[in-house]
Amino acid sequence: MLILISAGEASGEMYGAQLIEALKRLDPTTQFFGVGGERMRAAGCDTVVDAKDLAVVGITEILSHLPKILGLYKNLIREADRRKPDLAIVIDSPAFNWRVARQMKKRGIPTVYYVAPQFWAWRQGRVRLIRDYIDKALVIFPFEEKFYRDRGVDATFVGHPLAELPMPSISRENYAARFKLDPAKPWITLMPGSRVKEVRMNLPTILESAARLGDQYEYLLPVAPTIDSTLIESFVSSFLPPGPRKSGETRGTPLPKITFVSEALPALYHSRAGIVASGTATVEAAMMNLPFVMVYRVSPLTYLLGKPRVKVPHFAMVNLIAEEEVVPELVQQDFTAENVVARLKEILADGPARTRMLDGLARVKQRLRGTAQEGKMHPADRSAEIILSLASRITAGSPPLRSSE
């Protein structure tokens, strides 16, 4: 069987690699091509479009990159016409992937949406795109199954792929030695986002926060696989912290050492606290038991256009899962270095604020773990079974089951 698979972000690319591996365990002859990055290539996907080239965010940002994205999209569809896949799987990234799904529908290729878009949070009218073009939606939060089914989408909750993340095996001492970190200092992980535009919008204030906190901490910056590491390194090296300068000085408060690391989970696991941009990284931090401050900024126009459409009370995914504010949310004008430092200091020291947050993160973890794995199956394995069952029914000439397979 030949499968087109499309994942356009760092988290989606990770989920895509897990799913490819799960599908290959069930059917080693399955082949894959599509949109992805290093992880999916390592899992065996022939990527005709690199996920790095799709890593944009926000309404105005997508518009500015539209010609490039359109070219990549056309290239993918041409490859689909040439290779004629038996099935398509699209993962998150709705701005790109619903168009891919529409083209697959036109060609009679059954399509599965793994990690369905969070249309319950905003633009709920767009659920019709899923209903019209998708044969099966596999959702990763318990409440999403009812939301989509109530709106005519054949959706099944498979569990969150991060719900059973193993704790990193590397010790703090070995990790410190590998990256030349001082194990005696508390560590703070900085996660500005997985897309270039997110980094440009979030990283300056994150770095200013680090400058204010000073060199009594070690700062770890995991570089998302969807971003060129040299871009981040050059951004940090050229950053000029704001602040008063004496005559002839070019910098304000000196920026402490920032250590670039390749993987987020060990950094999150061994850190004392984090500054984490809204997105999947907040769930990763919760799974690693890391107290953190959630931050986010988009362009003023994107915020102005998007805010009235938001239908949920929280920005941070962990707060949505908990149905309460577990971590502070500093968004747009509230996202200042002064606010970040103030909220971070509350959770760096042992005390009631840190304990409350750790307890809240444990509840989030339990909610995802408690219902995520029916039969103790990993979400990717359960998804793979559903996908292959769908494929076999279609091959046999039967319609897809409209039920909780």
Side-chain angles (χ1 to χ4, degrees), residues 9-19 21-22 39 91-92 114-115 118 138-144 157-172 175 187-194 220-225 261-296 314-329 344 347 354-374 376-383:
E9 301 181 32
S11 58
E13 209 255 333
M14 175 177 63
Y15 303 153
Q18 291 176 346
L19 185 58
E21 290 165 355
R39 288 169 174 161
I91 303 173
D92 207 357
Y114 182 44
V115 190
Q118 295 167 7
L138 303 175
V139 300
I140 63 174
F141 295 106
F143 58 85
E144 291 181 318
F157 170 60
V158 294
H160 200 293
L162 300 180
E164 289 294 343
L165 277 177
M167 296 300 170
S169 58
I170 187 170
S171 69
R172 196 170 191 273
Y175 194 76
W187 301 352
I188 297 175
T189 292
L190 314 176
M191 299 192 72
S194 62
L220 287 67
L221 202 164
V223 180
V261 297
S262 55
E263 294 182 81
L265 296 183
L268 293 167
Y269 180 64
H270 289 301
S271 287
R272 179 70 178 176
I275 307 172
V276 183
S278 178
T280 303
T282 64
V283 180
E284 290 180 316
M287 294 301 103
M288 295 295 108
N289 305 314
L290 179 74
F292 66 95
V293 176
M294 189 226 83
V295 300
Y296 208 67
H314 303 290
F315 285 93
M317 186 57 66
V318 293
N319 291 343
L320 289 169
I321 296 166
E323 300 181 272
E324 62 177 307
E325 185 174 290
V326 173
V327 302
E329 302 179 344
L344 207 58
I347 56 174
R354 183 177 177 85
T355 300
R356 278 195 305 271
M357 189 176 293
L358 285 169
D359 289 344
L361 294 175
R363 290 194 298 273
V364 169
K365 199 170 184 176
Q366 187 56 44
R367 284 197 175 193
L368 288 180
R369 280 181 166 175
T371 56
Q373 299 180 13
E374 295 183 15
K376 296 185 178 179
M377 291 180 69
H378 189 279
D381 292 311
R382 184 159 187 242
S383 298

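Put simply, the side chain of F292 does not reach to within 4.5 Å of the side chain of V326, judged on heavy atoms. With contacts defined as side-chain heavy-atom distances shorter than 4.5 Å, the pair Q18/H378 qualifies. Annotation: side chain of Y269 is not in contact with side chain of L165 (no heavy-atom distance under 4.5 Å). Under the 4.5 Å side-chain criterion, counting only non-hydrogen atoms from C-beta, I275 is in contact with L344. Contact of the S271 side chain with the I188 side chain is not registered, since no non-hydrogen atoms from C-beta on lie closer than 4.5 Å. The shortest side-chain heavy-atom distance between S278 and V295 does not fall under the 4.5 Å cut-off. In this structure, P161 and Y114 have side chains that are in contact, with non-hydrogen atoms separated by less than 4.5 Å.
In terms of heavy-atom proximity, R382 sits nearest to V158 at NH1-CA, 3.5 Å. For the residue pair N289 and K365, the shortest heavy atom distance occurs at OD1-NZ, 3.3 Å. In plain terms, the two heavy atoms of M357 and P328 that are nearest each other are CE-CD, 3.5 Å. Listed here is the closest heavy atom pair of I321 and R367: O-NH1, 2.7 Å. Across A264 and M191, no two heavy atoms sit closer than the pair CB-CE, 3.6 Å. Nearest approach of A267 to T189, heavy atoms of both residues: O-OG1, 3.1 Å.
H270 places no side-chain N or O within donor-acceptor distance of the main-chain N or O of P168, the cut-off being under 3.5 Å. Using a distance-only test at 3.5 Å, with no hydrogens or angles considered, a donor-acceptor pair links the side chain of T282 to the main chain of G279. Here the side chain of E13 pairs a donor or acceptor atom with the backbone of R39 at under 3.5 angstrom.
How far CZ of F141 is from CZ of F157: 9.0 Å, rounded to the nearest 0.5 Å. Atom CG of D92 is separated from atom OG1 of T280 by 7.0 Å, given to the nearest 0.5 angstrom. Between the CE atom in M167 and the CG atom in L268 there is a gap of 10.5 Å [rounded to 0.5 Å]. To the nearest 0.5 Å, the span separating CE on M294 from CD on E325 amounts to 9.5 Å. In this structure, NE2 on H160 lies 3.5 Å from CD1 on I140, to the nearest 0.5 angstrom. Atom CE of M288 is separated from atom CG of L361 by 11.5 Å, given to the nearest 0.5 angstrom.
Under the 3.5 Å distance criterion, with hydrogens and angles disregarded, a donor-acceptor pair is assigned to the side chains of N319 and E329.
Within a 6.0 Å radius of CD in E324, more than 12 heavy atoms belonging to other residues, nucleotides or ligands are found.
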